[in-house]
Amino acid sequence: MLKIYNSFSSKIEDFEPFDPPVVKIFICGPTLYDYTHLGHARIFLTYDLLCRFLKTRGYKTDVLVNMTDINQSVFNKAIVQGIDYHTLSQFYSNEFIKDLDLLNIKTIARFAHVSDYVKNISKHISSLIEKRNAYSANGNIYFDTKTIKDYGKLSKQSRKQLNLHRMDIGPNKKNQEDFMLWNCSEDFGFSWKGDFGKGVPWWHIQDSSVVIENFGLHYDVHGGADELAYPHHEAHLAQYKAMTDLETPVKIWMHVSLVLSKGEKISKSRGNVVLARDLVTKYGQNLLRLYLFSTHYRKEIDYNEKNLLRNKSFLKKIQQTSLRASHKTSEDISALIQEFYASLGNDLNSPKALNFLEKICTKALKNSNISIEDFTRIMDTLGLRI
RNA sequence: GGUGAGGUGGCAGAGCGGCUAUGCGUUCGCCUGCAGAGCGAAUCUAUAGGGGUUCGAAUCCCCUCCUCACCUCCA
């Protein structure tokens, strides 16, 4: 039904959720200090496609997205603008939701703002200290990565390599690669109380707490951008294992590749950011979907406007097909429809699926037929609004 | 140094064992007072290099060369 590449095992695996027919998916969400750009859009559209496909196979999806409002970048921008960090993050949170709507992403069931979870985070840190997975050094709390046997496996790094990273630098850390859970040493002008001291919950533990509060001891898919594999996902997995006492609390680690521009990563520091809303306004979400889905999710996309526009004629063909859709699907097209879904089922091979869709359209416009029902189902799967 | 993704026609970009996409471009028609847009048709027969597997490879295996990204906050 669905084969999917698991970054943890580096293999394409048969997908079987813990509690079928429900599929629990966690997606690393936005840090709330700026608008959604094309790279973010690709991430959420990919999981939207995954969910829509899973639904056609009889699954029910439960998607959780964390909304990072406690974060250095948020604090910094709030200071620059002279406003409360919460006001700032709330603004971008609303804008994010608007962007998802523009992108026709309706598959996300829960949004979890980290600031609503600080008490839980503190509780979980206390318990990690108790279990000796975490320790205090110079007031800060760190996770002892040596307590996790195969730490580094997800990001495919040896202990030696991990040791080279200058991770969350501070005095008296047990291991160079240990990461911070609770920051007590910096003054942000505000702090929260934990049993272990006043401070700010740090990056990685936020997701783990959000996940365990919402999903409990296990879930099926952990998603996010490729670049999050280290240190973020590695750290999250270590914490989550310690919290759940399970060896495999997450079935599939699914990483979406980056969007580049002129061969370079899209990022604010390089000044080549393209906002999702601008693209949707200018070209429409249909075109954007066709463009992004015509590259496999594990492959980088080098964005340029020309390539996006190339899908125009394809979109037109789809629109013409919709006008020609009839009451019955002919056999040759029926076979192609099967191939369309089979392609998606094979590690979400959307470019191949689109190829079949194009063949379907070509035939339907010549001498074959596709039923309105079959056609609509394909559109729904891809999230196209024709 | 480590990890991952790639190298396809003039260009962009799919296909991932046999049916050789698609788009841009180019050329020719139709349309038009001209131009553009639009429509129709034709055109380019490609797969980094070298071995191998196979009846058959762009597609699988090995070697070489090259490109890019990530490994620090970034999605």
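Lettering of chains follows the sequences in order, A, B, ..., and the numbering in each one begins at 1. Heavy atoms only: backbone and side chains are in, while hydrogens, waters and symmetry mates are out.
Atom NE2 of A/His296 is separated from atom C1' of B/G15 by 14 Å (rounded to the nearest Å). A/Glu300 has its CD atom 12 Å from the P atom of B/A14, to the nearest Å. The CG atom of A/Asp302 sits 14 Å away from the C1' atom of B/C11 (whole-angstrom rounding). Rounded to an integer number of Å, the gap from A/Glu339 CD to B/A14 P is 20 Å. Between A/His232 atom NE2 and B/C74 atom P there is a gap of 8 Å when expressed in whole angstrom units. A/Lys156 places its NZ atom 13 Å from the C1' atom of B/A5, with the value rounded to the nearest Å. The separation between A/Glu234 atom CD and B/G2 atom P is 19 Å, rounded to whole Å. Atom CG of A/Leu258 is separated from atom P of B/U3 by 19 Å (rounded to the nearest Å).
Under 4.0 angstrom from either OP1 or OP2 of B/A14 there lies no side-chain N or O belonging to A/Lys352. The side chain of A/Asn355 contributes no N or O atom lying less than 4.0 Å from OP1 or OP2 of B/G15. Look at A/Lys359 and you won't find any side-chain N or O under 4.0 angstrom from OP1 or OP2 of B/G15. Listed pair A/Asn346 / B/C16 fails the phosphate criterion, with no side-chain N or O lying under 4.0 Å from OP1 or OP2. A sub-4.0 Å separation between OP1 or OP2 of B/G2 and a side-chain N or O of A/Ser158 is absent. The shortest distance between the side-chain N/O atoms of A/Thr31 and the OP1/OP2 oxygens of B/A75 is below 4.0 Å.
The same atom, C1', is picked in B/C55 and in B/G17; the two are 12 Å apart, to the nearest Å. Between the C1' atoms of B/C11 and B/G7, the separation comes to 15 Å (whole Å). Using atom C1' as the reference point in both B/A58 and B/G18, the two lie 13 Å apart (nearest Å). The gap from the P atom of B/U22 to that of B/A42 amounts to 11 Å, rounded to the nearest Å. Separation of the C1' atoms belonging to B/G6 and B/G15 is 15 Å when rounded to the nearest angstrom. A distance of about 15 Å separates the C1' atoms of B/U59 and B/A21, rounded to the whole Å. Straight-line distance between the C1' atoms of B/U47 and B/C16: roughly 12 Å, to the nearest whole Å. For the P atoms, the distance from B/A69 to B/G13 is 15 Å, rounded to whole Å.
Ring orientation note: the planes of A/His236 and A/His222 are tilted relative to one another, at an angle of 30° to 60°.
Checking B/G38 for Watson-Crick or G-U wobble geometry (two distances, each under 3.5 Å) identifies B/C30 as its partner. Look at B/U72: it lacks any Watson-Crick or wobble partner with both distances under 3.5 angstrom.
Closest to the side chain of A/Gln161, from the set B/U72, B/G2, B/A75, is B/G2.
Side chains of A/Ile25 and A/Met254 form no contact here, defined as non-hydrogen atoms less than 4.5 Å apart. A/Val210 places a side-chain heavy atom less than 4.5 Å from the side chain of A/Phe26. Using a 4.5 Å heavy-atom cutoff, the side chains of A/Asp347 and A/His296 are in contact.
Cation-pi geometry between A/Arg298 and A/Tyr5 is met: under 6.0 angstrom from the ring centre, within 45 degrees of the axis.
When hydrophobic clusters are built by joining Ile, Leu, Val, Met, Phe, Trp and Tyr residues whose side-chain heavy atoms come closer than 4.5 Å, directly or via intermediates, A/Leu228 is not grouped with A/Val74.
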